[in-house]
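Accompanying notes for the structure given below.
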Amino acid sequence: MGAPGQSPLHAIPSTSGGAARLACAKLRAAGIPLAPLLSKAGLRAEQIDDTAARIEVRVQARILEIAAEQLNDDLFGFRMMQDFEFREIGLAYYIPSSSSTLADALRDAERYTRIVNDGIQLRIDLDQKTAIALDCAGVEPGSGAQQMEFWLFALVRMCRQLTDTRLAPRRFKVRHHRPAPPVEFRTFLGCDVEFASDANEIIFPGIVSSLPVVSADRHLHELLVKYADEALTGKAPARVTIRSRVEKAIAPLLPHGKARATAIARELGMSRRTLARALAAEGLTFSALLDQYRMELAKAYLTHGELTISQIAWLLGYREVSTFTHAFKRWTGTTPRQLRFKKPSCSSSAVRV
């Protein structure tokens with residue numbers, strides 16, 4: 001997976017870390033020492049200070065939860081969103097902001113957000129409504145509420161900023177639970193938040209997708225899209241293999257159990273049959289490629305950080321640890337636990353489920 005000698009850890013969803021760095025700036029402003037808090041998230045202070053360093057998505061989620069706890073602010077992600085400067089995310093903001101209409105801007109966001117956060121998966125539905133669905137790879141369901149609220153409310157704020165209107169969603173849905181709906185949320189949105197829902201989703205009236213973007217600039221947009229497409233491919237050689245395209249499409253869908261041939265084909269703009277033929281031309285099948293991808297990622301997770309085996313199973317798209325264990329033994333001839341026990345740095349106390 002990837003270039004020769006490259007660690008399979010490159011597949012762990014990561015982010016440019018703007019939200020994590022803003023959270024750390026607020027902790028510093030409050031006089032709270034960062035080093036011991038960052039160590040809880042598996043991060044060092046120099047990684048936060050190096051703005052070019054990427055951060056694992058799950059680590060960023062953990063930092064926001066720690067900041068909320070330290071600052072005694074249960075609405076930390078929501079409040080931090082209001083101070084976030086969209087220009088800090090670079091191309092992923094400038095491209096939508098130079099688009100012609102909100103519909104174009106949302107489609108651009110769907111495609112280019114992964115430049116700054118390859119764990120964020122946006123899905124835009126403009127069929128009789130304007131819907132934005134969001135999932136975050138690498139973060140277990142029920143956790144990372146501060147990060148999810150940060151991104152969802154930021155999307156509403158960005159749509160308002162792009163159109164210079166006070167857009168109000170018809171519905172605003174989140175998967176995580178809150179015991180009581182915060183009044184601040186309704187005041188900001190103009191609608192209630194549906195907690196413990198079946199999706200993380202913002203639904204606007206369909207007509208808003210035709211609203212013009214106030215900063216539209218066709219010539220700038222064309223130039224920026226060219227740069228962004230190069231960034232997405234990592235300035236790869238002219239010939240991009242179907243294998244590499246499939247692997248990139250698998251990554252954000254895997255933790256949610258949606259990395260199926262039909263979904264991957266749709267992501268790549270082809271039919272399932274066309275995908276099968278393209279893979280066959282490279283001597284591959286989708287099931288074999290998915291197995292190999294999961295195996296290499298599983299090995300990386302098992303020898304990296306403090307992820308539990310149950311967390312790893314979820315990240316690989318398995319809802320039961322037993323199913324993951326069976327698959328891993330089929331791939332490697334050993335179990336995940338046995339692989340960890342073989343590592344000199346792993347003791348029995350480090351193996352948690």
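A quick note: this is a predicted structure, and the numbers were derived from the prediction, not measured.
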Distance-minimising heavy-atom pair for [X] and [Y]:
X	Y	answer
L152	N200	CD1-CB, 4.1 Å
S99	V213	O-CB, 3.2 Å
L316	R294	O-NE, 2.8 Å
L224	S98	CD1-OG, 4.1 Å
D73	Q146	O-NE2, 4.3 Å
A103	L126	CB-CD1, 3.6 Å

Could you list the donor-acceptor pairs under 3.5 angstrom formed by side chains in residues 35-45, with sequence neighbours left out?
from: S39; atom 1: OG; to: P36; atom 2: O; distance (Å): 2.7
from: R44; atom 1: NE; to: E46; atom 2: OE2; distance (Å): 3.0

Next item on the list: Not counting sequence neighbours, which residues clear salt bridge (charged side-chain N to carboxylate O under 4.0 Å, His left out) with E194? List them please.
Entry: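 Listed in chain order: R171.
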
Margin query: Please identify which of these residues, F78, F84, F76, meets the ring pair (Phe, Tyr, Trp, His ring centres under 6.0 Å) condition with F153.
Written below: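 Testing each of F78, F84, F76 against F153, the sole residue satisfying ring pair (Phe, Tyr, Trp, His ring centres under 6.0 Å) is F78.
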
In terms of side-chain heavy atoms, does [X] have a donor or acceptor partner in [Y] at a distance below 3.5 Å?
X	Y	result
Y93	E85	no
R243	Q292	yes
T325	S322	no
H221	D108	yes
T334	T332	no

Check: Any donor-acceptor pair under 3.5 Å linking the side chain of Q60 with the backbone of A20?
Finding: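 Such a contact is found between Q60 side chain and A20 backbone.
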
Margin query: Suppose we screen for side-chain contact (heavy atoms from CB on, under 4.5 Å). Which residues come up paired with A30, at least two apart in sequence or across chains?
Written below: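 Listed in chain order: I32, L71.
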
Validation: residues 179-190 side-chain donor-acceptor distances under 3.5 Å, sequence neighbours left out:
from: E184; atom 1: OE2; to: R79; atom 2: NH2; distance (Å): 3.2
from: R186; atom 1: NH1; to: D192; atom 2: OD1; distance (Å): 3.0
from: T187; atom 1: OG1; to: V183; atom 2: O; distance (Å): 3.1

Notebook entry, point to check: Of all residues at least two apart in sequence or in a different chain, which pass the side chain to side chain donor-acceptor pair (under 3.5 Å) check with T165?
Noted result: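 So T165 forms a side chain to side chain donor-acceptor pair (under 3.5 Å) with T163.
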
Margin query: Return the CG to CD1 distance between L290 and I264, rounded to the nearest 0.5 Å.
Written below: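 Here the rounded value is 8.0 Å.
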
Next item on the list: Would you give the length of the straight line joining atom CG of L134 to atom CD of E201, rounded to the nearest 0.5 angstrom?
Entry: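 Nearest 0.5 Å value for the CG-CD distance: 10.5 Å.
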
Check: Do the numbers put R175 on top of the ring of F195, so that NZ or CZ is under 6.0 Å from the six-membered ring centre and no more than 45° off the axis?
Finding: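 No, cation not above the ring by the 6.0 Å, 45° rule.
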
Notebook entry, point to check: Can you list every pair that meets salt bridge (Lys or Arg N to Asp or Glu O under 4.0 Å) and has a residue in residues 309-331, with sequence neighbours left out?
Noted result: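 Counting only pairs at least two positions apart or across chains, the salt bridge (Lys or Arg N to Asp or Glu O under 4.0 Å) contacts touching residues 309-331 are D291-R330.
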
